[in-house]
Amino acid sequence: MNEKQTIFNLVHLMDQVTNKMLIRFQQESKLSLGISHILVLLELHNKGEQRPSDLAETLGFTPASLTHLSSKLIKSEFITLRNDEEDRRTKYWKITPLGIDILGKAQKCGIQVRSEFFSHLSEAERNSLVQIYTKLNNTFV
């Protein structure tokens, strides 16, 4: 197999594993949120109140898709919306205690799903994967 085909197969397999984990997470979590909602909550929890435009840039979402996500998060009371006092056009989002609670549930479920997926690997295989992913992650800083 040539190098291009090997890389294609590798990327394809990585995508398949990721998709299977996401599907399994959705099935197991029984949360009414998708992974994109959870990523927004996680970012707000980790970095605090933010403007939606900054959040969209950080997460690689379009402003339109982020606006769509916010409707559900606001309606479910997982985030609050605040207007800037000096510029009423500028808005800020903040995670609520209810949002922190649902994020914790999502994280517990995520750990369970990932543990299940990686339990099929030996310790040596898991260590190899950590080394490989660390190397790939450090390549694209």
Side-chain angles (χ1 to χ4, degrees), residues 1-123 125-141:
M1 191 178 306
N2 66 36
E3 183 180 357
K4 284 185 180 181
Q5 187 62 44
T6 301
I7 290 172
F8 173 82
N9 288 345
L10 177 61
V11 170
H12 184 65
L13 285 168
M14 289 170 59
D15 287 345
Q16 285 180 316
V17 169
T18 299
N19 288 337
K20 285 180 181 180
M21 278 196 286
L22 288 172
I23 290 167
R24 183 66 176 208
F25 171 80
Q26 285 298 114
Q27 292 169 338
E28 293 293 318
S29 72
K30 298 186 178 37
L31 300 173
S32 60
L33 299 176
I35 195 71
S36 297
H37 295 97
I38 293 164
L39 290 173
V40 168
L41 292 174
L42 181 62
E43 191 67 20
L44 290 172
H45 182 26
N46 288 342
K47 294 187 180 171
E49 186 178 62
Q50 294 183 56
R51 296 181 314 167
S53 58
D54 296 334
L55 200 53
E57 185 176 331
T58 299
L59 295 173
F61 295 161
T62 64
S65 67
L66 199 60
T67 299
H68 177 72
L69 292 171
S70 73
S71 300
K72 186 170 195 170
L73 293 172
I74 292 168
K75 185 177 179 182
S76 301
E77 299 181 353
F78 297 147
I79 65 170
T80 57
L81 179 67
R82 176 182 71 83
N83 290 324
D84 188 293
E85 292 178 15
E86 295 177 16
D87 182 356
R88 303 292 289 169
R89 295 171 297 172
T90 303
K91 308 212 181 303
Y92 291 91
W93 293 359
K94 183 177 181 180
I95 192 169
T96 65
L98 191 56
I100 292 170
D101 182 57
I102 201 77
L103 177 61
K105 290 176 182 174
Q107 288 175 316
K108 279 183 183 177
C109 185
I111 290 168
Q112 177 186 336
V113 168
R114 287 188 300 269
S115 294
E116 179 185 318
F117 260 78
F118 292 111
S119 69
H120 302 285
L121 301 177
S122 69
E123 184 178 352
E125 289 169 325
R126 288 191 301 268
N127 288 333
S128 291
L129 266 180
V130 167
Q131 289 176 335
I132 292 166
Y133 273 93
T134 299
K135 187 173 184 176
L136 288 173
N137 193 42
N138 291 335
T139 300
F140 298 101
V141 177

Legend entry - Neighbour count >12 (heavy atoms, 6.0 Å) for atom CD, Glu28: yes
Legend entry - Distance-only polar pair, side chains of Asn127 and Gln131, donor-acceptor under 3.5 Å: no
Legend entry - From Ile102, Leu73, Leu42, residue fulfilling side-chain contact (heavy atoms from CB on, under 4.5 Å) relative to His37: Leu73
Legend entry - Main-chain N/O of Leu31 paired with Ser29 side-chain donor or acceptor, under 3.5 Å: yes
Inset, instruction - Step through the shown structure and confirm whether more than 12 heavy atoms of other residues, nucleotides or ligands are within 6.0 Å of CD on Gln107. - result: yes
Legend entry - Shortest non-hydrogen separation from Val113 to Met21 and the atoms involved: CG1-O, 3.8 Å
Legend entry - Heavy-atom side-chain contact between Leu81 and Trp93 under 4.5 Å: yes
Inset, instruction - Please examine the side chains of Gln27 and Ile23, heavy atoms only from C-beta on, and report whether any two atoms are closer than 4.5 Å. - result: yes
Legend entry - Any donor-acceptor pair under 3.5 Å from Asp101 side chain to Pro97 backbone: no
Legend entry - Test item: Tyr133 and Met14 side chains (from C-beta on) under 4.5 Å apart, heavy atoms: yes
Legend entry - Any donor-acceptor N/O pair, Lys20 side chain to Phe117 backbone, under 3.5 Å: no
Inset, instruction - Can you establish whether the number of heavy atoms outside Glu85 located under 6.0 Å from its atom CD is more than 12? - result: no
Inset, instruction - Please check if atom CD in Glu3 has more than 12 non-hydrogen atoms from other residues, nucleotides or ligands closer than 6.0 Å. - result: no
